[in-house]
Every structure is written in C-alpha cells, then in structure tokens.
Peer 1: 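Got a structure here, written out as structure tokens. Questions coming.
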Amino acid sequence: MSGLRSDQWYAGQDRNAYIHRAWMRRGVPADAFTGRPQIAIANTASDLTPCNAHLDEVAASVRQGVWEAGGVPLNLPVVSLGETQVRPTAMLWRNMAAMATEEMLRANPIDGVVLLGGCDKTIPSLLMAAASVDLPAVVVPGGPMLTGTFRGAPLGCGTDVWRLSEEVRAGTLSERAFLDSESSMIRSRGHCNTMGTASTMGLLAEALGTTLPGSAGLPAPDSRLLARAQETGRLIVEMVAAGRRPSQVITAGSFRNAIVALAAIGGSTNAIVHLLAIAGRLGVPLTLDDFDRIGADVPLLADLQPAGRHLMEDFHRAGGLHAVLREVIGLLDPDALTVTGRPLVSYLDEAQIWDPEVIRLIRPNAGIAVLYGNLAPAGAIIKPAAASPELLRHRGRAMVFDSVEDFHARIDDPDLDVDADSVLVLRGCGPKGYPGMPEVSNMPLPAKLLQQGVRDMVRVCDGRMSGTAYGTVVLHVAPEAAAGGPLDRVRTGDWIVLDVEARRIDVDVPQAELDARPPSAAMTEALARPRRGWERLYVDTVLGADTGADLDFLVGSSGDKVARESH
C-alpha cells in the first residue's frame with residue numbers, strides 16, 4: 001500500500017522523518033512505517049464514563065484486527081463525557097470533544113480511525129469529528145448493558161429512575177424500596193438498556209452506514225461484540241486502501257435512513273440535535289422540518305422503554321435493528337452506502353423478527369412532530385410515542401419557572417397554583433442560557449398532583465430531556481429564551497395551546513402585547529454569564545437547537561491536510 005497520508009511523516013531520509021519514526025520505534029516491527037496504514041483507535045473509555053469503561057477491551061479486539069489486515073493500530077484516548085456524572089450537562093462539552101478529536105486526528109500521522117463510543121455524547125462527538133477531518137472512519141458502538149431486575153421485575157435504567165422517584169414523591173413507594181433498587185439497576189458493563197440516547201445513537205450510527213452492519217445493539221458483555229470489533233479492525237484497513245471517507249458514505253440518503261430508523265425504534269429526541277450537527281459538518285442540507293416530513297408517518301415497531309415495555313437485550317434477541325428496518329424497507333434510500341461499500345438495504349434481506357412481542361406494530365405514526373407557533377418561531381419538538389394521547393391537544397394556564405433552581409424551590413409547594421390542566425413552563429435552559437441545554441425538560445410533576453393520581457402534564461422547555469424519559473413534553477423550543485425567544489415573555493396564568501396534529505404551540509396572547517413585554521428579570525438574572533474558558537467560548541458562539549447546537553465556527557470541515565512541519 002503506497003501513497004498513505006502517514007507517509008508525509010514517516011517517508012524519507014531527512015531529519016524530520018527520522019524524528020517521527022524514531023520516537024515511535026517502541027517494539028513495533030521494522031516495517032511499521034513502510035506502507036502500513038496507521039490506524040487510530042479513538043477511545044472514549046474512562047472510569048468517569050461508566051458506560052464506556054469496557055471500551056479498552058473492545059479496543060484490544062480492534063487492534064488485533066488491524067494487525068491481521070496489515071495495519072498499525074494506535075490507541076488514541078479522546079475526550080469522554082459521562083452523561084450521569086458531569087455537571088452542569090454533558091451537552092456543554094459535546095462540541096469540545098468533537099473539536100479536540102478532530103484536531104488530534106488531523107495533527108497526527110493517521111490514515112484511518114476506528115471510533116469507540118457508547119454513552120450519549122460520545123458517538124455524536126466522534127462522528128462530528130470524523131466528518132470534519134474526513135479520514136476513513138468506522139464506529140464500534142459499545143453496546144447496552146444486560147437487563148437488571150428488582151423484586152422479579154426488569155429495570156430500565158433511566159426510565160425506571162424517573163418512574164420510581166415519582167412514586168416516592170406520590171407516597172406509593174417507600175424511600176427504602178427505592179434505594180434498594182439502586183444496586184439492581186446497573187447489572188453489567190454497557191450503556192443504558194432502554195431506548196435512550198446511547199442506544200439510539202448506536203443504532204443510528206448503523207443506519208447512517210458508519211458501522212460494520214450488524215454491530216449496533218449487540219449487548220456490551222456479548223462476546224460477539226469483540227468479534228465484530230476485530231472484524232472492524234480489518235475493515236478500516238480495507239477502507240483506507242479504498243479511500244472510503246465519511247463524505248462518501250454519509251449522504252442525504254443516509255440521513256433519510258437515520259430519520260426513518262429513529263421513528264421506527266422510538267428513539268431519543270436528542271438524536272435530532274446530533275444528526276443536525278453531523279450534517280452541518282458534512283455540508284448535507286438537513287433541517288428540523290425533515291424529521292417531520294420523513295419520519296412523522298413512520299410506524300413505531302419497537303416495544304421498548306420508555307415508549308413501551310421491553311429493553312435492549314430483548315430487542316437484540318428479537319432481531320434488532322435489521323428486523324425493524326426490513327419492515328420499513330420501502331421508506332429507506334436504496335442507494336445509501338455503508339462503510340463496507342455496499343448499500344444498507346442489501347444487508348436486510350435475511351433479517352427476521354424472532355419475537356413479535358418485542359418487534360411489532362405499536363402505532364402507525366410514531367415520528368417526531370415539529371411544532372411552530374408564537375412560542376416557537378424557529379420550531380420545537382415533541383415525541384408523540386412517549387406522550388399521553390389525550391394531552392396532544394390541550395389548553396391550559398402556564399405555571400412559569402425562571403430557572404431550574406426556581407423550579408426545584410417551588411414545585412412541591414402545596415400552595416402552588418396548579419392543577420392537572422396546567423402547563424409547566426421552564427425557561428433559560430437552552431444552549432446559551434444554562435449553558436449547554438440540560439436534560440431538564442421532563443420536569444417532575446407537583447407532589448400534590450402526584451398524590452391525586454396525576455402522572456402526566458403538558459410541559460414546555462427550551463432544554464432537552466433524557467432519551468430514557470417520557471411524557472407530554474414540548475422541548476428544544478427555539479429561539480431559546482436566552483437568545484430572545486418569546487418563551488422569555490410568557491407569564492404565569494397565560495393560556496398555552498398545544499395542538500400536535502396541527503403542529504402548533506402558542507401562547508394565547510395578542511402578538512403586539514407579547515412583543516411589548518420585557519423579558520423576565522428573574523430569568524435574565526439566572527442566565528449563564530461565564531467569564532472565561534470553554535463556557536465563555538461556548539456561550540458566545542453556540543447556535544440554536546434548531547440547527548444542532550454546534551458552535552458557529554465549527555460548522556463545516558477542514559479536511560485532513562496539515563501544511564507545516566513540527567521541526
């Protein structure tokens with residue numbers, strides 16, 4: 001193999017080539033720098049990202065495959081974001097992780113890269129980076145954990161946290177029982193076992209064509225994951241030889257397939273901001289409206305939490321992503337490729353549903369609905385599959401909270417002027433305002449209403465919600481309140497009108513009156529005002545949720561070229 005990018009570092013007899021080779025001669029074969037592709041393994045393993053802690057083992061299998069195929073594997077630890085651990089929100093650093101990974105791939109003598117991710121932001125950030133540097137790249141998803149059980153019943157991590165904690169607040173579950181379930185929630189290595197963001201993005205990475213087909217959804221402890229990782233190590237060497245880059249694999253048709261898959265599996269709303277950001281790096285025209293246009297009438301086929309009953313181990317056993325995609329093959333782009341060079345649809349012929357309790361028609365119209373109105377001029381979204389059908393058309397008085405702290409301070413006040421028809425409004429939680437757009441939109445319900453048996457209310461927010469969450473939640477409201485969106489002028493007592501069928505979310509206030517109102521002083525006071533560092537850069541340059549919440553100067557790509565030597 002000749003004409004490798006890494007030859008720019010290693011080929012030749014001059015001082016610079018000597019330096020580059022000499023410092024890498026630490027037990028590698030003598031011919032490691034002569035025609036062998038140099039393969040980075042971008043590894044997000046971290047003890048502080050517990051869902052990715054097993055990726056070092058996965059990386060070892062990738063290394064073996066790379067060596068077998070004649071390449072040289074190189075471990076490259078990259079920024080890792082643990083969704084459950086970092087504050088104020090992992091989304092604050094998705095773009096930083098993408099930028100750092102992109103720069104390291106470009107700066108180093110690398111010909112291709114294997115991307116190891118699992119936890120929510122890791123696969124999106126890796127794909128954003130790979131799209132911007134445009135070196136041959138393939139994803140190995142880390143996979144979901146096995147199903148844990150408590151008192152004989154399966155536990156869905158994330159989803160059952162929300163459910164059980166509400167039952168404690170309602171007085172129907174003891175705090176002791178709630179805490180006893182903690183040790184049963186996380187049974188094994190791997191990411192959340194519900195159809196949350198981690199599972200969704202692993203599966204959508206395959207729908208985009210960026211994984212070895214059949215890899216996504218394999219449980220993390222399954223030995224077949226290691227076998228697929230080894231095959232992926234071989235594949236990336238072949239991809240380098242073929243010059244098969246993200247810009248050739250991920251096309252408009254790939255995003256169509258991802259949107260169809262998102263609806264059919266009942267995937268996380270967070271996938272929208274991630275897909276929009278990845279498309280922005282590639283220059284593929286993708287808008288919020290495409291999610292409604294392509295996905296709204298796609299049937300929901302996976303009976304998985306949070307929209308259903310089962311968990312990811314069941315999904316894999318029942319046939320997994322390929323079984324679902326075969327049911328909607330007529331909606332897929334037949335020409336969209338995978339990293340193997342073959343179309344995605346060519347892998348679906350032999351797929352079967354092995355358990356019709358898990359994969360079956362749940363509802364005919366399951367995709368994300370995109371709402372507009374005087375509350376969301378640039379759009380907002382709702383996931384009908386996770387909402388209460390009777391609330392999808394609703395009119396109620398607003399109860400407004402000016403910050404997360406304001407919400408927590410007042411939501412359980414027995415004198416709070418709310419009833420089951422009220423609409424909870426939380427603002428100041430968008431990309432600029434928080435900063436980072438946290439997963440707070442699925443607000444816990446007032447304790448006094450939980451005790452009356454209420455289990456869902458309409459909620460409106462400019463933030464996100466966990467992919468494991470559920471409820472009638474209008475989220476990603478754009479423009480966000482911190483960017484001057486009309487959410488900053490809503491007042492408690494205003495009538496909020498939601499009509500999902502009509503794709504509307506409005507406040508029933510004359511437009512002239514709404515425009516004349518000043519922004520909430522309490523909300524403005526609570527907005528983020530970082531003085532330095534990444535937070536300052538982020539707040540100053542982040543774009544809205546409606547375009548993917550990337551930084552304005554990171555949209556697009558710079559390719560893999562490096563003009564100057566280091567010595």
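This is a predicted model, so every value here is computed, not measured.
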Peer 1: Whether the side chain of Arg281 engages the backbone of Val133 through a donor-acceptor N/O pair (distance < 3.5 Å, no angle test) should be reported.
Peer 2: no

Peer 1: Between Ile123 and Gly118, what is the shortest heavy-atom contact and its length?
Peer 2: CG1-N, 4.0 Å

Peer 1: Within a 6.0 Å radius of atom CG on Asp47, are there more than 12 heavy atoms belonging to other residues, nucleotides or ligands?
Peer 2: no

Peer 1: Between Asp7 and Leu4 (side chain of the first, backbone of the second, donor and acceptor by atom type, cut-off under 3.5 Å), is there such a pair?
Peer 2: yes

Peer 1: Within this structure, what is the CG-NE2 distance for the pair Leu226 and His54, rounded to the nearest 0.5 Å?
Peer 2: 8.5 Å

Peer 1: In Å, rounded to the nearest 0.5 Å, how long is the span from CG of Leu331 to CZ of Arg256?
Peer 2: 6.5 Å

Peer 1: With rounding to the nearest 0.5 angstrom, report the CG to CG distance, Leu218 to Leu321.
Peer 2: 11.0 Å

Peer 1: Counting only N and O atoms by type, is there a donor-acceptor contact under 3.5 Å from the side chain of Thr101 to the main-chain atoms of Ala98?
Peer 2: no

Peer 1: Going through the checks in order, is the side chain to side chain donor-acceptor pair (under 3.5 Å) test met by Asn52 and Thr44?
Peer 2: CA-CA 7 Å; Asn52 292 18; Thr44 56; 2.9 Å; yes

Peer 1: Under 30°, 30 to 60°, or over 60°: which ring-plane class applies to His20 and Trp9, parallel, tilted or perpendicular?
Peer 2: perpendicular

Peer 1: Can you name the one residue among Leu371, Val473, Ile505 that meets side-chain contact (heavy atoms from CB on, under 4.5 Å) with Ile382?
Peer 2: Leu371

Peer 1: For residues Pro479 and Pro377, determine if any side-chain heavy atom of one lies less than 4.5 Å from a side-chain heavy atom of the other.
Peer 2: yes

Peer 1: Check step by step if side chain to side chain donor-acceptor pair (under 3.5 Å) holds for Thr49 and Ser80.
Peer 2: CA-CA 7 Å; Thr49 307; Ser80 186; 2.8 Å; yes

Peer 1: If only atom types and distance count, is the side chain of Thr269 paired as donor or acceptor with the main-chain N or O of Lys383 below 3.5 Å?
Peer 2: no

Peer 1: Start with the C-alpha gap between Thr338 and Tyr347, add the side-chain angles, then the distance that decides, and say whether side chain to side chain contact (heavy atoms under 4.5 Å, CB included) holds.
Peer 2: CA-CA 10 Å; Thr338 70; Tyr347 290 92; 3.9 Å; yes

Peer 1: Kindly say whether Glu206 contributes a backbone atom to a donor-acceptor pair with the side chain of Thr210 at under 3.5 angstrom?
Peer 2: no

Peer 1: How long is the straight-line distance from NE2 of His316 back to CG of Asp222, given to the nearest 0.5 Å?
Peer 2: 5.0 Å

Peer 1: Would a 4.5 Å heavy-atom cut-off, applied to side chains only, mark Ile236 and Pro136 as touching?
Peer 2: yes

Peer 1: Look at the side chain of Thr194 and the backbone N and O of Met312, then say whether any donor-acceptor pair between them is shorter than 3.5 Å.
Peer 2: no

Peer 1: Is Leu304 close to Ile265 at the side-chain level, that is, under 4.5 Å between some pair of heavy atoms?
Peer 2: no

Peer 1: Any idea which heavy atoms bring Gln248 and Arg244 closest together, and the distance?
Peer 2: OE1-CA, 3.2 Å

Peer 1: Determine, step by step, whether Asp550 and Met128 satisfy the side chain to side chain contact (heavy atoms under 4.5 Å, CB included) criterion, reporting the C-alpha distance in whole Å, the side-chain angles of both residues, the deciding distance to 0.1 Å, and the verdict.
Peer 2: CA-CA 10 Å; Asp550 206 350; Met128 290 164 69; 3.8 Å; yes

Peer 1: Please examine the side chains of Leu203 and Met195, heavy atoms only from C-beta on, and report whether any two atoms are closer than 4.5 Å.
Peer 2: yes

Peer 1: So, do Leu311 and Glu313 sit near enough that their side-chain heavy atoms are less than 4.5 Å apart?
Peer 2: no

Peer 1: Using a strict 4.0 Å threshold on nitrogen-to-oxygen distance, state whether Arg234 and Glu238 make a salt bridge.
Peer 2: no

Peer 1: What are the two closest heavy atoms between Leu208 and Ala258, and how far apart are they?
Peer 2: CD2-CB, 3.9 Å

Peer 1: What's the verdict on salt bridge (Lys or Arg N to Asp or Glu O under 4.0 Å) for Arg94 and Asp120, showing C-alpha distance, side-chain angles and the deciding distance?
Peer 2: CA-CA 10 Å; Arg94 182 201 64 176; Asp120 295 16; over 6 Å; no

Peer 1: Could you tell me whether a side-chain N or O of Ser132 sits under 3.5 Å from a main-chain N or O of Ala129, the two making a donor and an acceptor?
Peer 2: no

Peer 1: Return the CZ to CD distance between Arg63 and Gln230, rounded to the nearest 0.5 Å.
Peer 2: 13.0 Å

Peer 1: Which pair of heavy atoms, one from Pro530 and one from Val539, lies closest together, and at what distance?
Peer 2: CG-CG2, 3.8 Å

Peer 1: Inspect the surroundings of CZ in Arg532 and state if more than 12 heavy atoms from other residues, nucleotides or ligands are less than 6.0 Å away.
Peer 2: no

Peer 1: Could you tell me whether a side-chain N or O of Arg5 sits under 3.5 Å from a main-chain N or O of Asp560, the two making a donor and an acceptor?
Peer 2: yes

Peer 1: Which heavy atom in Met437 sits nearest to a heavy atom in Met91, and how many Å separate them?
Peer 2: O-CB, 4.0 Å

Peer 1: Please step through side chain to side chain contact (heavy atoms under 4.5 Å, CB included) for the pair Asn442 and Tyr470, ending with a clear verdict.
Peer 2: CA-CA 7 Å; Asn442 57 313; Tyr470 53 89; over 6 Å; no

Peer 1: A side-chain contact here means heavy atoms from C-beta on lying under 4.5 Å apart; do Ile250 and Val284 qualify?
Peer 2: no

Peer 1: Kindly determine whether Glu102 and Ser558 satisfy side chain to side chain contact (heavy atoms under 4.5 Å, CB included), including the steps that lead there.
Peer 2: CA-CA 9 Å; Glu102 173 191 344; Ser558 299; 4.2 Å; yes

Peer 1: Atom CG of Leu105 and atom CG of Asp134: how far apart are they, to the nearest 0.5 Å?
Peer 2: 11.5 Å

Peer 1: Taking all atoms of both residues into account, what is the closest heavy-atom pair of Asn95 and Ala549, and its distance?
Peer 2: ND2-O, 2.9 Å

Peer 1: Take atom CG of Leu48 as the centre, draw a 6.0 Å sphere, and report whether it contains more than 12 heavy atoms from other residues, nucleotides or ligands.
Peer 2: no

Peer 1: Is there a donor-acceptor contact under 3.5 Å from the side chain of Ser441 to the main chain of Gly463?
Peer 2: yes

Peer 1: Answer yes or no: is there a donor N or O on one side and an acceptor on the other, between the side chain of Asp333 and the main chain of Asn257, under 3.5 Å?
Peer 2: no

Peer 1: Is Leu76 close to Val78 at the side-chain level, that is, under 4.5 Å between some pair of heavy atoms?
Peer 2: yes

Peer 1: Are the side chains of Gln38 and Met24 in contact, using a 4.5 Å heavy-atom criterion?
Peer 2: no

